[in-house]
Amino acid sequence: MNSLITMNDLTNDDIHRILADAEKLLPVAKGNLHLPLLQGKILGNLFFEPSTRTRMSFETAMKRLGGDVVNLGAVASSSVVKGETLHDTIRMVDGYSDVIALRHPLQGAAQYASDCANVPIANAGDGAGHHPTQTMLDLFTIKQAHGKIENLNVVLVGDLRFGRTVHSLSYALVRFGCKLTLVSPESLRLPDEIINELKEQGGELEITEDLKPQLENADVVYMTRIQKERFPDEDEYVRVAGVYKLVADDLSSVKKDMIVMHPLPRVDEINPDVDSTRHAAYFEQAFNGVVTRMALLCDMLNIPIPEKIGGEK
Ligand code: NCD
């Protein structure tokens, strides 16, 4: 693999291989084993939008594997405020690094950056577009819980229109034969072009506004935040804010191994009383960002993962 812009850059075999590599790297991600596979390599972190998990887990992944990171830092203290274009920033940073993680408010920015850069670009979120590295950690989390990523009932909930995590994830899940139930207010439905493409790929989709009846049959319930920052006007946001709120009592008759996921940050979609149920998987999911991005970085930098990774420290 070179750049990772959308899930189309990975075949199903690539996905399975990277998930298997990530699993092998678990002791390294937990700090129990020192494995400097990326020594001498530098990641350029370019985050033009807020980020906690994605930026920090990319950085942790790089450092756990002995590599290093250079950061754009706050946009306000970079040359972007002097009017530097994305093109010029990328051309600069690709001289300072071996791989770039880019988050940008504009859909299409990651593809554009990859066209300008000499080093591979990992799309860490482009506006309301895609977020493929998140999808890889989501798939890893699903596989850890269910032992597979094939043929599951997955309920995607919330802002399916502006939420880039669910865009990338829905493409991947359909490729593995999962059935998707799309739960959102009418105004925040998955965009038509995505629905059409998923259907062309044979995707089995159900569209509804009603969350509660979907819980019983679900293997995965994937909650998302309403993406306030992408709304053209505040009134429109206020109309849909707080529309879905999952509480522990809602989970009384769900499947025993059903997992509740969320890319985080949450606002009020998941009540904290869900955290202590057996179903809550979102903090584990956030940790899985490290191990999955380790495997992705090795793949993008063409560094093979050893067949066997030795004992604990
Ligand atoms: C998501 C994002 O940035 O798209 N966050 C993340 O990467 N974990 C989800 C969100 O911001 O709602």
Side-chain angles (χ1 to χ4, degrees), residues 4-7 22 29 43 45-62 71-72 74-75 100-111 113 121-142 154 156-173 182-185 188 190-191 194 220-231 237 240-246 259-270 280-294 296-297:
L4 175 56
I5 309 301
T6 74
M7 289 309 287
L43 164 72
N45 254 348
L46 296 187
F47 283 74
F48 291 87
E49 272 193 341
S51 173
T52 304
R53 275 149 294 273
T54 306
R55 186 176 50 79
M56 289 186 72
S57 63
F58 259 114
E59 188 154 346
T60 306
M62 202 64 195
N71 265 292
L72 175 74
V75 172
I100 290 174
L102 174 73
R103 169 168 292 186
H104 199 278
L106 288 181
Q107 195 166 339
Q111 182 59 56
I121 303 279
N123 180 6
D126 61 329
H130 298 264
H131 197 347
T133 69
Q134 175 75 40
T135 292
M136 289 302 290
L137 75 92
D138 293 343
L139 295 174
F140 185 82
T141 306
I142 293 171
V154 182
L156 302 174
V157 187
D159 188 346
L160 308 186
R161 178 178 174 197
F162 297 119
R164 55 197 173 197
T165 62
V166 279
H167 297 169
S168 293
L169 184 59
S170 58
Y171 282 111
L173 291 172
L182 307 171
V183 181
S184 75
L188 296 181
L190 200 64
I194 300 184
V220 176
V221 174
Y222 193 100
M223 303 295 293
T224 63
R225 172 179 72 90
I226 310 289
Q227 308 279 297
K228 184 176 185 196
E229 67 275 32
R230 313 238 182 265
F231 279 72
Y237 169 72
V240 285
V243 59
Y244 300 113
K245 286 187 178 139
L246 197 65
I259 53 169
V260 178
M261 297 176 66
H262 193 306
L264 302 178
R266 66 175 149 183
V267 181
D268 54 5
E269 319 69 54
I270 302 179
Y282 27 94
F283 292 118
E284 188 69 23
Q285 184 185 354
F287 165 75
N288 290 339
V290 176
V291 76
T292 316
R293 291 185 171 110
M294 285 170 120
L296 281 168
L297 285 165

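Remember, it's 1-based here, ligands and their atoms both numbered in the order they're listed.
If you number the atoms of ligand 1 from 1 as listed, the ones under 4.0 Å from a heavy atom of Gln134 come out as 6 (C), 7 (O), 8 (N). In the vicinity of His131, heavy-atom distances shorter than 4.0 Å reach the ligand 1 atoms 2 (C), 4 (O), 6 (C), 7 (O). Distances below 4.0 Å separate heavy atoms of Thr54 from the following atoms of ligand 1: 6 (C), 7 (O).
Note on Arg164 versus Glu49: salt bridge recorded, some NZ/NE/NH1/NH2 to OD/OE distance being below 4.0 Å.
Using cut-offs of 30° and 60° on the angle between ring planes, the pair His130 and His167 is perpendicular.
Here the CG atom belonging to Leu43 is positioned 8.5 Å from the CG atom belonging to Leu46, to the nearest 0.5 angstrom.
Among protein heavy atoms, atom 3 (O) of ligand 1 sits closest to Arg164 NH2, 2.9 Å. When hydrogens are left out, the protein atom nearest atom 6 (C) of ligand 1 is Leu264 O, 3.5 Å; that is the closest non-hydrogen contact. The protein heavy-atom contact nearest to atom 11 (O) of ligand 1 is Arg225 NH2, 2.9 Å. Looking at atom 8 (N) of ligand 1, its nearest protein heavy atom turns out to be Pro263 O, 2.9 Å.
Without hydrogens or angle criteria, Arg55 side chain to Phe47 main chain gives no donor-acceptor distance under 3.5 Å. Of the possible polar contacts, none joining the Ser57 side chain to the Val290 backbone as a donor-acceptor pair under 3.5 Å is found.
Ligand 1 has a nitrogen or oxygen under 3.5 angstrom from a nitrogen or oxygen of Gln227.
When all heavy atoms of Ile226 and Gly158 are compared, the closest pair comes out as CD1-C, 4.3 Å.
Neither the backbone nor the side chain of Glu49 has any atom closer than 4.0 Å to an atom of ligand 1 (non-hydrogen atoms only).
Each of Thr141, Asp138, Thr292 was checked for a side-chain hydrogen bond (donor to acceptor under 3.5 Å, both in side chains) with Gln285, and the lone residue meeting it is Asp138.
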